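Down below is the structure, laid out as structure tokens.
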Amino acid sequence: MEMPQYDPNTKPEFELYTIPSHSSWFRWDDIHETERTALKEFFDGSSISRTPKIYKEYRDFMINKYREEPSRRLTFTQVRKSLVGDVSLLHKVFRFLDEWGLINFGAVSRGDDSDNRDSSLGDTELKNQVKIEEGAPNGVRVVALPNSLKPISVPNSGADGSGNGKVAVAGETGVKLPPLASYSDVFGDLVKLKGFKCGSCGEQCNSGCYEYSKGSFVICEKCFKNGNYGEDKSKDDFRFSDLGGNSLTHGATWTEAETLLLLESVMRHGDNWELVAQNVPTKSKLDCISKLIELPFGEFMMGSAHEMNSCPTGSLNSLKEGQSASSENQNDVKMEDQVHDQMNESKQNGDAATEEPPAKRKRIAPLSDGGSTLIKQVAHISTMVGPHVTAAAAEAAVAALCNESSCPREIFDGDEDYLANGLSSPTMVSDPERALQVDASKMEENQSDLTETQDASSEKNDVPLNLRIRTATATALGAAAANAKLLADQEDREIEHLVAIIIETQMKKLHSKINYFDDLELIMEKEYNEMMQLKECLVEERIDVLERALKTGVSKWRS
Amino acid sequence: MKLPATSSSKAPVKFRMPTADNLVPIRLDIETEGQRYKDAFTWNPSDPDSEVVVFAKRTVRDLKLPPQFITQIAQSIQTQLTEFRSYEGQDMYTAEKIVPIKLDLRVNHTLIKDHFLWDLNNYESDPEEFARTFCNDMGIEDPEVGPAVAFAIREQLYEIAIQSVASAREIKISKKGRRGAEHAISSKGGGNALDLMKLFRYNSSVVRKRKEWYVYEPIVDILSNEEVDALEAREDRNTR
């Protein structure tokens with residue numbers, strides 16, 4: 001016997017089982033409308049194997065089976081072995097009872113639910129160890145009924161009624177909700193276990209550990225070999241778990257350098273995960289794949305690994321490279337190398353590049369020192385932009401500089417052909433570079449390219465260095481400005497487009513309103529016509545009546 | 001093509017898998033140049049046939065098999081698909097049939113034995129859902145077990161569906177007339193189908209006797225490496 005709602009004042013004499021109050025229609029001796037609607041197959045007489053009597057037997061058996069042990073969660077597999085019938089149908093009945101809380105209402109929740117299965121635990125060993133969390137995890141509110149919004153407050157004890165009357169806590173079969181856990185409670189074990197400390201010697205187990213199958217004890221390989229099993233544990237109880245492949249420790253930490261390596265190898269090798277994994281030495285294939293998916297643009301990279309000319313990835317990649325180049329550069333301490341780098345980068349922007357003899361460069365090192373950071377930034381901005389934009393910007397920059405004074409104009413005019421040559425070769429060189437990393441070796445290639453062109457026209461080397469630096473700066477800034485303008489234009493267009501859409505929608509709205517009113521008018525007219533007709537009818541009738549009255553005698557009227 | 005004589009039992013329906021999704025179970029077992037590729041999965045017959053080759057290529061690449069496998073895999077899949085499609089135009093009788101399904105399979109380290117009933121007439125049955133519940137309830141962690149269980153169920157349902165098509169054809173041929181046809185149906189219902197009259201009688205219970213519970217209980221065993229090797233060796237010997 002059971003009572004759907006718990007009245008705290010009555011003394012329970014028989015065992016009470018809790019079911020939610022929305023299931024209070026349930027009766028042992030009867031089949032309710034709810035059941036008939038939800039499980040129609042039993043009640044439409046379509047088959048001899050599906051009758052109300054059979055349904056009742058299934059239902060009663062399942063509920064009784066659950067109530068033999070209310071705290072444990074009844075699984076479908078446990079009941080289906082005892083019932084004759086189609087398993088899909090039985091499953092449907094089971095699910096129905098489960099949803100309405102007639103079974104498994106007080107059972108502990110599953111520790112390894114299908115949702116948790118996909119969590120980032122990864123390691124199957126961990127799943128065994130972090131079995132049941134205490135209370136609900138952070139961010140989940142525990143409510144009394146499936147759809148209500150009222151959170152449950154923890155009942156003070158099992159015996160008396162709970163904080164809010166919805167959760168009926170009965171005598172010995174009551175549900176006691178543990179206090180809600182904090183992040184560290186729930187994930188503290190996880191964090192600790194990540195490190196896999198050996199239980200007996202206290203060291204970190206890196207490659208493999210032996211796990212005690214009856215508990216959560218872990219020892220490292222060395223201890224296992226030496227026989228330090230810990231107290232009361234024997235050799236057979238331990239199971240070997242290899243952390244190399246799927247452990248959390250190795251997969252969790254991805255440094256910047258590794259991420260960069262990964263992206264580069266993916267660009268180069270595309271889908272070939274074996275090669276990618278080889279290139280990224282500390283990570284396995286699976287780690288690489290999962291990390292790549294996690295990255296915000298990882299999917300793009302996988303798809304466009306072989307297409308060098310897709311713009312979004314191109315810009316993203318060069319952005320990444322710009323960042324990585326900056327990080328690389330920041331590590332670079334040597335002054336001459338720094339200047340060398342900068343000069344090379346500015347050269348590859350399509351500037352009128354020349355090759356100073358090394359002696360001259362060293363002399364000017366202190367000079368450009370003051371502006372080194374600016375040039376660095378400028379160089380990086382320009383690496384982000386495409387070469388054609390850079391070329392255009394270079395010309396614009398040159399023009400701007402020329403406007404300042406006529407002297408440089410002469411110099412540059414003389415250099416015009418050379419400028420064109422200088423522009424085209426870096427353009428070609430930097431085109432394949434767009435999707436590849438900025439490499440010192442490539443810069444050397446670039447350099448050798450330029451030296452060739454430079455040798456051909458060495459007599460034009462008289463453009464002073466200052467001017468070149470300024471040109472470089474102006475070019476880069478111009479390139480960035482051009483890019484910004486492009487973006488701004490795009491935004492403008494977006495805005496226009498959206499406004500157009502809004503206007504269109506409004507028009508449509510008005511149109512439909514007008515149509516609606518038109519329809520109304522039509523209806524009104526019709527009604528009016530009908531009314532007129534009715535009126536005429538009435539008038540006719542009246543005339544009829546009057547006629548008849550006159551016929552029978554005028555006296556009626558006179559009196 | 002409908003037989004008018006079958007009005008008392010269910011009218012024949014067009015052949016399809018008696019499950020919610022009309023998926024075909026495909027089994028592959030190809031051996032070339034000393035390498036053996038065994039696989040089992042479900043295929044959606046409404047996918048275009050061009051997908052078969054794409055799938056074969058991708059499989060060969062992912063598993064690093066020699067390229068001869070591509071044509072063989074594609075051929076095998078194509079053959080099985082054609083076979084399925086050849087049944088599709090025909091009728092099958094789906095008179096009320098509850099058949100026992102037995103599972104006896106090994107997936108990596110997990111050995112599964114199970115026995116339960118399945119209603120062929122239930123077009124909303126879902127082997128995948130059953131497999132999911134099974135794995136959840138039994139706490140199976142190997143993610144390859146679920147699909148293997150679903151596949152085994154599907155395969156058996158497919159077999160039975162084919163049989164019912166064959167029996168439908170025989171009935172048409174036999175031309176015994178109305179009564180004869182009915183009788184033929186009930187007898188041809190398959191030795192497998194349970195006698196519903198007996199089981200679901202009014203005064204019998206659908207709850208099994210306790211001593212019979214073990215028959216229908218699933219058994220899941222986790223094998224050790226040596227046992228797995230031994231079993232594999234035996235299977236290989238059997239199939240050769």
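The figures here come from the full heavy-atom set of this structure, side chains too, leaving out hydrogens, waters and symmetry mates. Letters go in sequence order (proteins before strands), and every chain restarts at 1. Note that the structure is a prediction, hence the values are computed from the model and not measured.
For the pair A:Arg95 and B:Glu129, the salt-bridge criterion is met [side-chain N within less than 4.0 Å of a carboxylate O].
At a 4.5 Å heavy-atom cutoff, the contact between A:Lys65 and chain B is made by side-chain atoms alone. With a 4.5 angstrom heavy-atom cutoff, A:Phe61 touches chain B only via side-chain atoms.
Below 30°, between 30° and 60°, or above 60°: for B:Phe130 and B:Trp118 the angle between ring planes is above 60°, a perpendicular geometry.
In terms of modelled atom types and a separation under 3.5 Å, the side chain of A:Asp98 and the main chain of A:Phe94 share no donor-acceptor contact.
By number of non-hydrogen pairs under 4.5 angstrom with chain B, the leading residue of A:His91, A:Glu41, A:Lys92, A:Gln78 is A:His91.
Sorted by first and then second residue, the salt bridge (charged side-chain N to carboxylate O under 4.0 Å, His left out) pairs involving residues 55-71 of chain B (not counting sequence neighbours) are A:Asp271-B:Arg61.
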